[in-house]
Number of protein chains: 2
Amino acid sequence: MARPSQTELAVLGALSTGPMTGYEIRGSITGVLGHFWHESFGQIYPALGRLEAQGAVRRRSPGRTSGSVFELTRSGRRRLTALLAEPGPTPPARNALLLRLFFGTHLPDGGARDLLADAEARASAALEEYAAVRSEIEGVTEGVPDATAITAAAPPTEEPARPAPPADPEQAYRTMTLSFGEHMARAQQAWARECLTMLEGVSGARG
Amino acid sequence: MARPSQTELAVLGALSTGPMTGYEIRGSITGVLGHFWHESFGQIYPALGRLEAQGAVRRRSPGRTSGSVFELTRSGRRRLTALLAEPGPTPPARNALLLRLFFGTHLPDGGARDLLADAEARASAALEEYAAVRSEIEGVTEGVPDATAITAAAPPTEEPARPAPPADPEQAYRTMTLSFGEHMARAQQAWARECLTMLEGVSGARG
DNA sequence: AGCAGCATGTAAGTGGTTACATGATTGT
DNA sequence: ACAATCATGTAACCACTTACATGCTGCT
């Protein structure tokens, strides 16, 4: 009936890359999947508790001095695969930008332009981050097993992404995720720019 | 503090195109903005009540036999403009598809391919609907003031959208909304296809 | 008479965020 | 000592969906 929580899936997924504390799970998710997924502590800890009760994760006696490190059990790994295969909920669309733009005639002067300029800026910023991540993960084909994070900056790329040479499976899936972000950001950028030039023509909406 | 409800804005926006009942407001939103916005009755009616209490909308004595028709007051129109100008919440990203694809190595055989094929299909379907809407609103430059709805079907367009000749303001904003959908759907389509061909290369993920 | 669509609302439940409270550890 | 970060949890609140209850209208 109700939209099932995806938090357990995300937690299980994070744990599939290695044992972690709840705190680290969150950092791992926001660091690597930050643009596409989000979890808050208020969701993670209860989920961890449920998962532990189900036997999907195990709390390791702290080799650490503080906090408890969780690891996937065999049943947890099976559960991850099962959850992954489920289609997942498609929450109703709610695009605040589009809602505003659609009723653009009632926007104050220059309002539409501001909206679009902001959308363009956000897309460009995202593109820069993606470019940095891409150069990072493309530099390392094998070796360091820890997750890559967003750090540096690079000029926005305009070229369409070529099919990318298939690396090892894990790398391939990470690249696909990144590629999605790039495609979407580029599309948003192009769209916003088109609209902006279109707005200049319509003098009824100048500001 | 809390993410403010956007429902009142959506209701006000719908009412800006003419007086309606709550039932019609919903139909209007799902019909025209269906791909980008959604409202349920459980949200609309309470919102209408609040809006009425604030004096933003007025309940007209039923010229109709059943239901009450709501219309925007002057203050409501001002409120719409104010709400429209506010940036609007940016809910944390939660892309179920990306979450699954990222942990694609743990997916059962062929799971990733299915995910991508589905994404491609959905994008293509959306593109067809958009094409139908576009041909409809481009045929009518002025005249019939009622909202256009999705009805027919057309082959998916691959060509990049040209800047589109500026029509009257209202038309322009509607076109921008539609164009957003087209850009995004095309991007998703291209991305999914790229990933699909990439998957064929990696024999570790065939199914 | 009966059914499909129009119309209005309420109640329950859920997933999720935010804020708060608390404490340990580490570096300066 | 002090601050920043690590770490864990809970409580309050929120928007929203779903399901339900109810009745009217128009058509066949």
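Here is how names work: the chains are called A, B, and so on, in the same order as the sequence lines, proteins then strands, and each is numbered from 1. All values derive from a computational prediction rather than experimental measurement.
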Novice: Taking the nucleotide of DNA chain C with the closest heavy atom to each, which residue, B/R94 or B/F41, is nearer the 5' end?
Specialist: B/F41
Novice: Take the protein atom CZ of A/F70 and the nucleotide atom P of D/dG9, then report the distance between them rounded to whole Å.
Specialist: 6 Å
Novice: Check whether any side-chain nitrogen or oxygen of A/S68 sits under 4.0 Å from OP1 or OP2 of D/dT8, and answer yes or no.
Specialist: yes
Novice: Looking across every strand, which nucleic acid part, if any, lies under 4.0 Å from A/G22 by heavy atom: base, sugar-phosphate, or nothing?
Specialist: sugar-phosphate
Novice: Could B/E129 and B/R134 be called an ion pair, given the rule that one side-chain N must be under 4.0 Å from one carboxylate O?
Specialist: no
Novice: Without swapping roles, check the side chain of A/Q188 against the backbone of A/A119 for a donor-acceptor pair under 3.5 Å.
Specialist: yes
Novice: For B/L99 and C/dG16, what is the distance between atoms CG and P respectively, to the nearest whole Å?
Specialist: 11 Å
Novice: Just how far, in rounded Å, is P of D/dG9 from CD of A/E39?
Specialist: 16 Å
Novice: CD1 of A/I25 versus C1' of D/dC6: gap in Å, rounded?
Specialist: 14 Å
Novice: When the distance from OH of B/Y45 to C1' of D/dA21 is rounded to whole Å, what number comes out?
Specialist: 14 Å
Novice: For B/Q43 and C/dA7, what is the distance between atoms CD and C1' respectively, to the nearest whole Å?
Specialist: 18 Å
Novice: Given D/dT17, is OP1 or OP2 found less than 4.0 Å from the side-chain N or O atoms of B/H38?
Specialist: yes
Novice: Rounding to a whole Å, what distance do you find between A/Y23:OH and D/dC6:P?
Specialist: 4 Å
Novice: Find the distance A/M20:CE to D/dT8:P and express it as a whole number of Å.
Specialist: 13 Å
Novice: Is any side-chain nitrogen or oxygen of B/T7 closer than 4.0 Å to OP1 or OP2 of D/dA15?
Specialist: no
Novice: Excluding sequence neighbours, so at least two apart, what forms side-chain hydrogen bond (donor to acceptor under 3.5 Å, both in side chains) with A/R79?
Specialist: A/E8
Novice: Run the ring pair (Phe, Tyr, Trp, His ring centres under 6.0 Å) test against B/Y45 and tell me which residues pass, sequence neighbours left out.
Specialist: B/F41
Novice: Charged N to carboxylate O under 4.0 angstrom, A/R60 versus A/E71?
Specialist: yes
Novice: Check whether any side-chain nitrogen or oxygen of A/T21 sits under 4.0 Å from OP1 or OP2 of D/dT8, and answer yes or no.
Specialist: yes
Novice: Has B/S40 got a side-chain N or O lying under 4.0 Å from the OP1 or OP2 atom of D/dT17?
Specialist: yes
